[in-house]
Number of protein chains: 2
Amino acid sequence: MSVSPNNATRRRRPTIHDVAREAGVSRGTVSRVLNGGHYVSPAAAEAVNAAIRRTGYVVNRHARSLITGRSGSAAFLLTEPQEKFFEDPNFNVLLRGCTQALATHDIPLLLMIAGTREEQRRITRYISAGHVDGVLLVSSHTGDPVAEALVHAGIPVVMCGQPMGHSTRLAHVAADDRDGARQMVRHLLAAGRRRIGTVTGPLDTPGGVERLAGYREVLADAGLPADDSLVEAGDYSRDGGAAAASALLTRRPDLDALFVASDLMAQGALAVLERAGRRVPADVAVGGFDDSTAAVGSRPALTTIRQPWDRISAEMVRVLLSQIGGEDSSAVILPTELIRRESA
Amino acid sequence: MSVSPNNATRRRRPTIHDVAREAGVSRGTVSRVLNGGHYVSPAAAEAVNAAIRRTGYVVNRHARSLITGRSGSAAFLLTEPQEKFFEDPNFNVLLRGCTQALATHDIPLLLMIAGTREEQRRITRYISAGHVDGVLLVSSHTGDPVAEALVHAGIPVVMCGQPMGHSTRLAHVAADDRDGARQMVRHLLAAGRRRIGTVTGPLDTPGGVERLAGYREVLADAGLPADDSLVEAGDYSRDGGAAAASALLTRRPDLDALFVASDLMAQGALAVLERAGRRVPADVAVGGFDDSTAAVGSRPALTTIRQPWDRISAEMVRVLLSQIGGEDSSAVILPTELIRRESA
DNA sequence: CCGGTGTCTGGGAGCGTTCACAGTAGAGAA
DNA sequence: TTCTCTACTGTGAACGCTCCCAGACACCGG
């Protein structure tokens with residue numbers, strides 16, 4: 001029948017005060033336990049931990065952030081003008097990898113999408129105001145203004161893929177695009193193909209440039225003449241891949257292999273080849289890039305280059321955290337791997 | 001040569017104090033302008049807005065949250081035990097839609113993934129502690145404990161898809177699965193097919209149950225006998241679809257159509273049919289569900305049922321916001337649409 | 001003239017933390 | 001003994017905001 005003092009305590013979320021009272025120590029001691037436990041006697045630490053368990057205390061991040069100036073969260077920022085990236089299954093894998101890598105550090109990930117110039121301005125402003133401690137930036141195109149602005153505002157930023165056309169040195173993690181292309185073209189050569197065409201990515205993206213460079217290197221090494229009629233640029237979309245393959249096929253009907261710089265474009269190319277009556281791989285061998293779900297879904301299944309997305313995301317998070325911790329920005333390049341399936 | 005007071009002011013992020021001083025009013029007045037501008041004279045409001053522009057002031061969300069108890073953010077929570085969801089391109093579309101719908105309200109979206117039981121506990125605790133104002137929950141399976149726990153903790157929750165096996169009434173937004181299935185099966189009947197098999201989704205998911213129900217309804221209406229040898233359960237994965245189609249084909253080699261409850265499973269089924277020497281759609285017509293990117297990528301392109309993902313995400317956000325605003329939870333069912341392509 | 005009502009304003013209090021600092025106790029060195 | 005050093009603890013003052021209340025002022029009806 002008594003109005004138990006517990007009632008009020010139970011209703012409110014327990015604060016550091018409640019824990020301190022429960023443990024018979026001061027706020028300061030509880031705070032020290034919460035932040036690493038230095039300069040705390042074993043007895044006090046144990047009492048505090050027991051009190052935390054008993055009260056179900058969870059630190060109020062807002063109060064903490066208010067004083068530390070840190071938010072305890074990170075952003076995954078996408079600055080693609082088009083919807084291309086969402087058509088791309090790689091995005092999934094990368095996002096999930098980053099989310100989980102950060103989760104082990106108890107850092108929630110905020111997903112932000114800034115497609116239009118207007119949105120980019122708003123989000124740059126938002127982030128610069130200190131709402132997140134760091135940014136994982138996915139933006140393939142040349143000279144992204146968002147990256148520059150964030151770095152200039154002193155926000156730790158890690159890019160996915162090699163940055164192009166930036167004045168500032170940007171931390172980044174990327175797969176070895178050039179070597180991946182080399183592996184694929186070598187594979188096609190080893191299978192006896194000699195008239196190898198390529199559908200590149202957009203040439204204002206590192207993937208576009210580097211994979212083309214790898215392709216050219218291997219052909220040159222093999223003593224084959226450089227021939228621009230075998231090269232056509234795509235835009236990483238299925239339709240773009242189809243259009244490029246179509247142009248290539250018209251120009252060079254004698255094509256016996258095709259290295260396409262993404263699996264999605266390769267799907268488009270496969271459809272074009274089928275319509276043109278070419279058998280794959282008998283008449284034309286096709287190699288993709290990414291090893292995305294699109295590669296397994298195609299008929300025939302695509303021979304492709306696997307990008308180590310799990311390692312990429314893990315490294316991005318590692319580099320970001322070390323940058324937040326005050327270290328200098330760094331770059332990481334990870335190896336790629338040839339995956340043999342039916343198309344080549 | 002003078003030590004300008006501006007120096008200190010410029011270095012620090014401007015606070016509400018700075019704005020008040022700059023505008024020649026008190027903190028209270030600035031705060032009122034920030035929160036709707038009631039009980040503020042036009043002159044004061046204008047002075048404050050000018051001061052905000054001049055100082056580049058951005059409200060400190062942590063300070064605000066500390067007192068209001070609101071975080072100003074929402075979570076997109078995925079509680080799938082397997083990686084299935086990430087294989088599914090629908091996820092992309094839904095996530096993007098929600099992010100953008102919330103962005104127009106200036107609410108950042110936190111992406112959270114709780115695959116294991118352990119992660120679910122941690123995230124439930126995190127969210128219950130008040131770190132987000134509401135949750136968009138994607139979880140297809142029966143009786144998700146996370147949903148129950150969150151609702152019990154008083155957190156606004158909106159589910160994607162119809163909840164199954166829950167004691168509490170849950171707000172949700174879903175596509176009309178049953179009617180979608182009806183449309184597809186009617187389409188197959190209209191094309192003259194009579195031995196129509198189906199690969200269902202898992203029967204502990206609403207999509208599995210409802211689409212099967214729609215299939216059965218139409219067959220019954222057409223006077224065809226119910227025949228369980230034409231029904232096989234899949235698991236929404238490509239491999240699962242292949243296995244189910246394979247079983248169905250062994251049991252009923254006379255099959256002339258197949259309604260598969262997801263595009264991804266339909267891809268698996270197409271591969272099986274091809275290997276079995278069946279032509280699609282000549283021998284066996286195939287209908288999918290989702291209208292995901294997988295539908296366009298298949299050979300032949302899949303006839304399928306489009307789920308209105310853009311509307312689903314917009315509605316989820318609308319319902320969540322109204323729930324955060326104190327209104328009662330509600331349910332929304334949105335219509336689906338038949339998309340005719342080559343496979344049926 | 002009064003009192004009431006409605007609009008607008010300023011400033012104190014407090015949200016739940018961390019931080020800086022002062023202070024205590026005990027061990028060991030001078 | 002006394003002084004110094006180290007390990008530990010408690011407390012007041014922020015952090016930047018919103019809430020609340022008191023008070024000023026203008027207007028209006030009686």
(message) With the threshold set at under 4.0 Å for non-hydrogen atoms, list the residues of residues 41-65 of chain A touching DNA chain D in residue-number order.
(response) A:S41, A:A44
(request) Determine, for A:R122 against A:E119, whether the closest basic-nitrogen to carboxylate-oxygen distance falls under 4.0 angstrom. (result) no
(message) Tell me whether the rings of A:Y126 and A:H131 are parallel (<30°), tilted (30 to 60°) or perpendicular (>60°).
(response) parallel
When the side chains of residues 101-114 of chain B are checked against the rest of the protein, which donor-acceptor pairs come out under 3.5 Å, sequence neighbours left out?
from, atom 1, to, atom 2, distance (Å)
B:T104, OG1, B:A101, O, 2.7

(message) How bent is the helix from C:dC1-D:dG30 to C:dA30-D:dT1, measuring the angle between the end axes built from five pairs each, rounded to 10°?
(response) 50°
(message) Nearest 0.5 angstrom please: A:L78 CG to A:L137 CG, how far?
(response) 8.5 Å
(request) Check for a donor-acceptor pair, side chain of B:R311 on one end and backbone N or O of B:L334 on the other, with a separation under 3.5 Å. (result) no
(request) Quick one: pull up OG1 in A:T99 and CG in A:L94 and give me the separation to the nearest 0.5 Å. (result) 9.0 Å
(request) Please confirm whether the backbone N or O of B:W309 pairs with a side-chain atom of B:S313, one donor and one acceptor, at under 3.5 Å? (result) yes
(message) Tell me the closest heavy-atom pair linking B:V58 and B:R13, and the distance in Å.
(response) O-NH2, 3.3 Å
(request) Taking only heavy atoms on the protein side, list every residue of residues 24-33 of chain A lying under 4.0 Å from any atom of DNA chain D, sorted numerically. (result) A:V25, A:S26, A:R27, A:G28, A:T29, A:R32
(message) By nearest heavy atom, map A:N35 and B:Y39 onto DNA chain C; which one lands nearer the 5' end?
(response) B:Y39
(message) Checking the side chain of B:D133 only, and the main-chain atoms of B:R70 only, is there a donor and an acceptor separated by less than 3.5 Å?
(response) no
(message) Using every non-hydrogen atom in the two residues, find where B:I155 and B:G134 come nearest and quote the distance to one decimal.
(response) CG2-CA, 4.3 Å
(message) Just to verify, what does B:Y57 make a ring-ring contact (aromatic ring centres under 6.0 Å, His included) with, not counting sequence neighbours?
(response) none
(request) Give the minimum heavy-atom separation between A:L66 and B:H62, together with the two atoms involved. (result) N-CB, 4.1 Å
(request) Go through DNA chain C in 5' to 3' direction and return only the first and the last nucleotide with some atom under 4.0 Å of chain A's heavy atoms. (result) C:dG16 to C:dT18
(request) Calculate the interatomic distance between A:I67 atom CD1 and D:dA14 atom P; express it in whole Å. (result) 11 Å
(request) Look up atom CG in B:N35 and atom CZ in B:R64, then write down how far apart they are to the nearest 0.5 Å. (result) 5.0 Å
